[in-house]
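One-based numbering along the sequence shown. A quick note: this is a predicted structure, and the numbers were derived from the prediction, not measured.
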Amino acid sequence: MLKFTEDHEWLKQDGDEVIVGITAHASEQLGDVVFIELPEAGREVEAGEEIVVIESVKAASDISAPIAGTITAVNESLSDNPGAVNDDAMAAWFFRIKPAAGAAIDGFMDEATYKALIG
């Protein structure tokens with residue numbers, strides 16, 4: 001089940017990990033993405049901590065960790081092809097995180113609520 005943040009991130013539970021990317025709406029708002037700086041695997045992060053930098057032709061943006069936990073993997077292919085986010089934002093995941101004890105994605109928006117948010 002997909003969940004969404006108000007910062008236009010999508011979250012997908014995959015076993016005991018959560019996969020995180022940005023939504024198509026965010027990708028469209030950014031324009032052509034030209035650079036993505038990802039966190040290192042193994043890094044422990046707090047919820048709300050800025051861990052990804054995205055640069056596009058329009059602006060630079062930070063992506064925050066939606067939950068506390070440990071980064072278990074990053075999508076290295078985005079370093080070579082950051083435009084993949086524009087091609088298919090739902091397929092271009094940024095990182096996988098193993099939630100810290102008590103961290104969960106249940107409280108985030110479902111797809112219908114997110115669509116209502118972006119209009």
Side-chain angles (χ1 to χ4, degrees):
M1 174 189 313
L2 283 174
K3 293 289 188 171
F4 298 86
T5 72
E6 291 182 358
D7 294 328
H8 309 288
E9 296 165 313
W10 58 262
L11 316 171
K12 181 179 179 185
Q13 187 77 45
D14 185 30
D16 64 347
E17 297 180 344
V18 175
I19 304 169
V20 180
I22 63 170
T23 66
H25 174 76
S27 171
E28 291 168 11
Q29 296 299 309
L30 285 168
D32 293 336
V33 175
V34 296
F35 176 78
I36 299 174
E37 182 180 323
L38 298 166
E40 291 183 24
R43 179 176 166 185
E44 292 186 24
V45 299
E46 296 297 324
E49 184 178 340
E50 295 174 349
I51 59 171
V52 174
V53 176
I54 303 174
E55 292 183 16
S56 72
V57 294
K58 292 183 178 177
S61 299
D62 295 316
I63 301 296
S64 301
I67 56 175
T70 303
I71 303 298
T72 58
V74 297
N75 186 351
E76 298 285 354
S77 69
L78 292 179
S79 297
D80 295 331
N81 184 20
V85 172
N86 299 115
D87 295 338
D88 187 352
M90 298 305 291
W93 59 278
F94 285 19
F95 58 88
R96 299 175 70 99
I97 186 169
K98 184 171 184 174
I105 65 170
D106 295 341
F108 291 99
M109 291 180 277
D110 61 19
E111 188 168 5
T113 304
Y114 179 72
K115 285 185 176 181
L117 174 73
I118 61 174

Enquirer: Is there a path of hydrophobic side-chain contacts, each under 4.5 Å between heavy atoms of I/L/V/M/F/W/Y residues, joining Ile118 to Met90?
Expert: yes

Enquirer: On a heavy-atom basis, which atom in Val45 and which in Ile67 lie closest, and how many Å separate them?
Expert: CG2-O, 4.1 Å

Enquirer: Do Leu117 and Leu2 sit in one hydrophobic cluster, given that two such residues count as connected whenever their side-chain heavy atoms are within less than 4.5 Å of each other, even indirectly?
Expert: yes

Enquirer: Taking C-beta and beyond as the side chain, do Ile63 and Glu9 meet within less than 4.5 Å on heavy atoms?
Expert: yes

Enquirer: How close do Ser64 and Gly48 get, counting heavy atoms only, and between which atoms?
Expert: OG-O, 3.5 Å

Enquirer: Examine distances only and state if a side-chain atom of Trp93 and a backbone atom of Val74 form a donor-acceptor pair shorter than 3.5 Å.
Expert: no

Enquirer: Going by atom types only, do Asn75 and Ser77 share a side-chain donor-acceptor pair under 3.5 Å?
Expert: yes

Enquirer: A side-chain contact here means heavy atoms from C-beta on lying under 4.5 Å apart; do Phe94 and Val85 qualify?
Expert: yes

Enquirer: Should Leu11 and Leu38 be counted in the same cluster of Ile, Leu, Val, Met, Phe, Trp and Tyr side chains packed under 4.5 Å apart?
Expert: yes

Enquirer: Search all heavy atoms of Pro99 against all heavy atoms of Asp16 and return the closest pair with its distance.
Expert: CD-O, 3.3 Å

Enquirer: Considering only heavy atoms from C-beta outward, does the side chain of Ile71 approach that of Ile51 to under 4.5 Å?
Expert: yes

Enquirer: Pro66 and Val20: which non-hydrogen atoms are nearest, and at how many Å?
Expert: CG-CG2, 4.1 Å

Enquirer: Within this structure, what is the CD-CD distance for the pair Glu50 and Glu37, rounded to the nearest 0.5 Å?
Expert: 11.5 Å

Enquirer: Does Asp14 reach the main-chain N or O of Ile19 with its side chain, forming a donor-acceptor pair under 3.5 Å?
Expert: no

Enquirer: Please check if the side chain of Glu49 supplies one atom and the backbone of Glu46 the other of a donor-acceptor pair under 3.5 Å.
Expert: yes

Enquirer: Please say yes or no: joined through hydrophobic side-chain contacts below 4.5 Å, possibly via intermediate residues, are Ile97 and Ile54 part of one cluster?
Expert: yes

Enquirer: Could you go through the side chain to side chain contact (heavy atoms under 4.5 Å, CB included) check for Lys12 and Met1 one step at a time?
Expert: CA-CA 6 Å; Lys12 181 179 179 185; Met1 174 189 313; over 6 Å; no

Enquirer: Quick check: closest heavy atoms across Asp106 and Lys3, and the distance to 0.1 Å?
Expert: O-NZ, 3.5 Å

Enquirer: With distance as the sole criterion, is a donor-acceptor pair present between the side chains of Thr72 and Glu17 under 3.5 Å?
Expert: yes

Enquirer: Examine the side chains of Tyr114 and His8 and answer whether a donor and an acceptor come within less than 3.5 Å of each other.
Expert: yes

Enquirer: From Phe4 CZ over to Ile105 CD1, what is the distance, rounded to the nearest 0.5 angstrom?
Expert: 10.0 Å

Enquirer: When you measure from the side chain of Trp10 to the backbone N and O of Ile22, does any donor-acceptor pair fall under 3.5 Å?
Expert: yes

Enquirer: What is the minimum heavy-atom distance between Ala68 and Ala103, and which atoms define it?
Expert: O-CB, 3.6 Å

Enquirer: Step by step, work out the side chain to side chain contact (heavy atoms under 4.5 Å, CB included) result for Val33 and Glu55.
Expert: CA-CA 6 Å; Val33 175; Glu55 292 183 16; over 6 Å; no

Enquirer: To the nearest 0.5 Å, tell me how far Phe95 CZ sits from Arg43 CZ.
Expert: 9.5 Å

Enquirer: Between Asp32 and Ser56, does any side-chain donor sit less than 3.5 Å from a side-chain acceptor?
Expert: no

Enquirer: Distance-only, no hydrogens or angles: does the Gln13 side chain make a donor-acceptor pair with backbone N or O of Gly15 under 3.5 Å?
Expert: yes

Enquirer: Are Val34 and Ile36 grouped together when hydrophobic residues (ILVMFWY) are joined by side-chain heavy atoms under 4.5 angstrom apart?
Expert: no

Enquirer: When you measure from the side chain of Asp110 to the backbone of Thr113, do you find a donor-acceptor pair of N or O atoms at a distance under 3.5 Å?
Expert: yes

Enquirer: Can you tell me how far apart CD (Glu111) and OG1 (Thr23) are? Round to the nearest 0.5 Å.
Expert: 10.5 Å

